[in-house]
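Okay, structure first, notes after.
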Amino acid sequence: MDFIRKIVEEDIRNNKNEGRVHTRFPPEPNGWMHIGHAMAIYLSYSIAQEYSGLFNLRFDDTDPSKESMEYVEAIKEDIQWLGADWEDRLYFASDYFEKLYDFAVGLIKAGKAYVCDLNVDEIREQRGSLTEPGVNSPFRDRSVEENLDLFKRMREGEFEDGSRVLRAKVDMASPNLLMRDPIMYRIKRVSHYRTGDDWIIYPSYDYTHGESDAIEGITHSLCSLEFETHRPLYDWFVDELLAIGKIEHKPRQIEFSRLNVTYTITSKRRLLELVDGGYVSGWDDPRMPILAGLRNRGFPASAIRMFLGKVGVTKRKKNIDMGLLEACVREELDRDANRVMAVLNPLTVILTNYPEGQEEYLEIPNHPKDESRGTRKVPFSKVLLIERDDFMEDPPKKFYRLTLGREVRLRNAYFIKCNDVVKDKSGNIVEVHCTYDPETKGGSAPDGRKVRATIHWVSKSHALKSEIRLYDRLFTREDPIGISDYNPDSLTTITGFVEPSVGEAEPGTHYQFERLGYFFTNLQEFSKDTIVINRTITLRDTWAKIKKQHLSTRKKGQRKQKKKN
RNA sequence: AGCCCCAUAGUGUAGUUUGGUUUAGCACCUCAGGCUCUGAAUCUGAUGACUCCAGUUCAAAUCUGGAUGGGGCUGCCA
């Protein structure tokens with residue numbers, strides 16, 4: 001059990017908050033949710049679930065300059081997709097503006113806040129530094145009446161943007177810079193996407209966040225480590241407001257470390273460069289570490305949840321293997337994806353002893369480990385397509401697949417034996433001629449003879465031509481900086497041939513293309529007539545490893561040879 | 001430089017609160033092998049860690065102090 005759950009359990013045991021558990025996720029609607037946010041969302045949601053508590057979604061929309069309703073809708077969709085449910089508790093900090101204003105007035109009356117006429121630069125100068133204390137603002141000791149009057153006039157629009165702010169009167173000598181009379185309100189003549197032009201002063205994050213939590217009765221306010229230094233300020237506001245009776249509940253902020261994944265960046269600025277530079281099709285490109293991107297790629301939400309569960313919750317800096325996320329995706333899809341056959345890089349196979357013009361429909365199980373998923377009919381005929389990689393004229397030692405004179409199995413069909421290779425003028429193999437053994441229908445020989453390999457196939461005349469988008473990792477480096485580490489091979493679009501049953505699928509269907517990987521019918525572009533399919537992820541490929549090892553040992557051998565010479 | 005946070009195999013994490021029951025557990029990765037109508041899945045096995053120093057104690061990954069290493073903090077962003 002992680003440290004946050006331990007705190008929650010102890011609070012329940014002590015009957016703190018009357019034993020209630022209430023969490024929230026507080027995004028600012030100014031950008032796309034990424035895999036890191038998924039952790040925050042799912043942690044808060046699942047803790048509420050586990051302890052029979054409640055989970056709120058609250059948009060922290062206190063800076064109108066970059067927020068919009070489009071982001072609100074997109075974020076809601078992402079959270080829903082992830083499986084976190086806020087039920088009817090959708091809130092906006094902007095709904096609390098009037099209340100927050102009233103709280104601020106209370107703080108002024110209590111002598112805990114003042115209007116400061118210093119400009120941005122002056123405030124920065126007077127804040128001091130990491131080692132030196134700040135100096136008090138000359139406006140720090142204004143009378144309550146003057147502060148009240150000025151604050152009211154700030155709201156009414158009497159002053160220019162940036163000319164005055166409301167500050168909390170905390171401690172200009174605090175070693176925590178955030179406690180040096182932080183800004184509570186600034187004047188900003190910008191229309192808000194929800195409150196329009198009702199306000200020209202907007203509350204800051206530090207002032208808004210804990211108060212919104214208190215208003216909603218949040219018990220455990222979970223956030224990432226960068227807010228750790230904000231906690232004393234969070235507590236200060238809550239305590240002062242508690243003292244003057246403006247609120248009656250004290251939430252507790254707890255910080256955990258952010259999620260970083262190898263081969264990935266979540267920096268908005270750097271991701272934007274990829275979008276702007278046309279390296280990806282948009283923020284929701286299937287290669288992006290953005291939730292909408294992962295969804296388009298075909299990563300199941302359940303895999304992301306599993307991943308999050310395995311990663312855990314601590315305060316240590318994390319750097320998690322992309323391989324772990326990929327392993328989760330494979331695990332979920334292995335269980336959930338129906339199997340079909342598709343050929344991505346075709347080579348024509350002619351069954352010389354199969355009757356011309358004949359076709360038959362083979363009944364093939366949709367999932368080898370799950371009979372309840374039923375079967376489908378797959379057409380078989382004289383002319384087939386197999387994967388070009390599955391035939392080698394001059395095979396290396398451990399290559400078990402088709403080659404001249406060798407017998408292999410066509411998956412769920414017949415044994416075939418290769419007798420002949422047909423080449424064009426430049427020596428490229430254009431087709432291979434095989435004979436099939438009618439006795440081996442279904443895939444096994446009555447005489448008990450074995451084959452070493454099984455390869456997949458489609459019937460050439462029945463197969464559906466389709467656009468296949470082969471996605472790979474966005475970056476070439478484990479710790480990418482940005483555009484300079486862009487993987488040019490992260491997307492390859494090819495024409496592939498899929499068995500006819502795929503044409504009947506809905507957009508957003510997961511498949512395993514046997515021996516190739518997990519694929520996903522494109523959510524936006526797939527239809528019966530234009531088949532567009534994303535490769536979500538390849539299968540684990542031990543053969544590729546063997547090949548690599550061979551290559552490297554051969555190179556080493558060559559080097560040794562050279563040395564001898 | 002001041003303040004705050006963190007420290008277990010390649011990676012992530014359990015164990016630390018309440019010291020012994022741990023030859024430090026699990027997962028991913030890696031390697032070897034078994035099985036196989038997917039070179040997939042699955043199964044078996046292997047390699048591999050308590051940052052350091054000092055103290056307390058019969059006993060320290062666990063408690064104390066210090067050091068070292070890593071991270072955060074000087075927006076009228078969140």
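Small disclaimer: the values here were computed from a predicted structure and weren't measured.
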Between B:C26 (P) and A:Met306 (CE): distance, integer Å: 19 Å
Should B:A27 form a Watson-Crick or G-U wobble pair with both distances under 3.5 Å, which nucleotide is its partner? B:U11
Please give the nucleotide sitting opposite B:G69 as a Watson-Crick or G-U wobble pair, both distances under 3.5 Å, or none. B:C6
Do we get A:Arg194 above A:Phe92's six-membered ring, with its NZ or CZ under 6.0 Å from the centre and within 45° of the axis? yes
Separation of B:C29 C1' from A:Glu478 CD (nearest whole Å): 11 Å
Among B:U74, B:U30, B:G39, which nucleotide sits nearest the side chain of A:Lys545? B:U30
Taking syn as a glycosidic torsion within 90° of 0 and anything else as anti, which one is B:G75? syn
I want to verify a distance call: between B:C73, B:C28, B:C77, whose nearest atom is closest to the A:Ala327 side chain? B:C28
Looking at A:Arg540, I'd like to know whether one of its side-chain N or O atoms comes within less than 4.0 Å of OP1 or OP2 on B:G39. no
A:Leu177 atom CG is separated from B:G2 atom C1', nearest whole Å, by 9 Å
Closer than 4.0 Å, any side-chain N/O of A:Arg186 to the OP1 or OP2 of B:A78? yes
Between B:A46 and B:A54, how far apart are the P atoms? Round to whole Å, please. 34 Å
Parallel under 30°, tilted from 30 to 60°, perpendicular over 60°: which one fits the rings of A:Trp32 and A:Trp283? parallel
Using atom P of each nucleotide, how far apart are B:U30 and B:C52 to the nearest Å? 29 Å
What interatomic distance, in whole Å, is found between C1' of B:G75 and the corresponding atom of B:U64? 41 Å
Is any side-chain nitrogen or oxygen of A:Thr454 closer than 4.0 Å to OP1 or OP2 of B:G39? no
By ring pair (Phe, Tyr, Trp, His ring centres under 6.0 Å), which residues pair with A:Tyr207, not counting sequence neighbours? A:Tyr185, A:Phe237
Rounding to 0.5 Å, atoms OH (A:Tyr101) and CZ (A:Arg155) come to a distance of 5.5 Å
Measure from CG on A:Asp541 to C1' on B:U30 and round the result to the nearest Å. 16 Å
Roughly how far apart, to the nearest Å, are B:U8 and B:U44 at atom P? 29 Å
Is the phosphate of B:U38 approached by A:Lys369 (side-chain N or O, under 4.0 Å from OP1 or OP2)? no
With rounding to the closest Å, how many angstrom separate the C1' atoms on B:U18 and B:U62? 11 Å
Mind checking who B:A49 pairs with, Watson-Crick or G-U wobble, both distances under 3.5 Å? none
For the side chain of A:Thr229, starting at C-beta, report the closest nucleotide among B:C29, B:G39, B:G72. B:G72
Side-chain atoms of A:Arg124 come closest, of B:G2, B:C77, B:G75, to B:G75
Is there a donor and acceptor pair, one atom on the side chain of A:His456 and one on the base of B:A40, closer than 3.5 Å? no
A:Ile183 CD1 to B:A78 C1', straight-line distance once rounded to whole Å: 15 Å
For B:G75, does either OP1 or OP2 sit under 4.0 Å from a side-chain N or O belonging to A:Arg127? yes
Atom CG of A:Asn260 to atom P of B:G72: distance rounded to whole Å? 11 Å
Could you go through nucleotides 12-15 of chain B and list every protein N or O atom that sits under 3.5 Å from one of its N or O atoms, giving the distance for each pair?
from, atom 1, to, atom 2, distance (Å)
B:G12, OP1, A:Asn319, N, 3.3
B:G12, O2', A:Val311, O, 2.8
B:U13, OP1, A:Thr314, OG1, 2.7
B:U13, OP1, A:Lys318, NZ, 3.0
B:U13, OP2, A:Arg316, NH1, 3.3
B:A14, OP2, A:Arg316, NH2, 3.3
B:G15, OP1, A:Lys6, NZ, 3.3

Does B:U44 have a Watson-Crick or wobble partner in any strand here, with both distances under 3.5 angstrom, and which is it? B:A32
Under 4.5 Å between any side-chain heavy atoms of A:Arg180 and A:Ile123, yes or no? no
Partners passing salt bridge (charged side-chain N to carboxylate O under 4.0 Å, His left out) against A:Glu331 (at least two apart in sequence or in another chain): A:Lys310
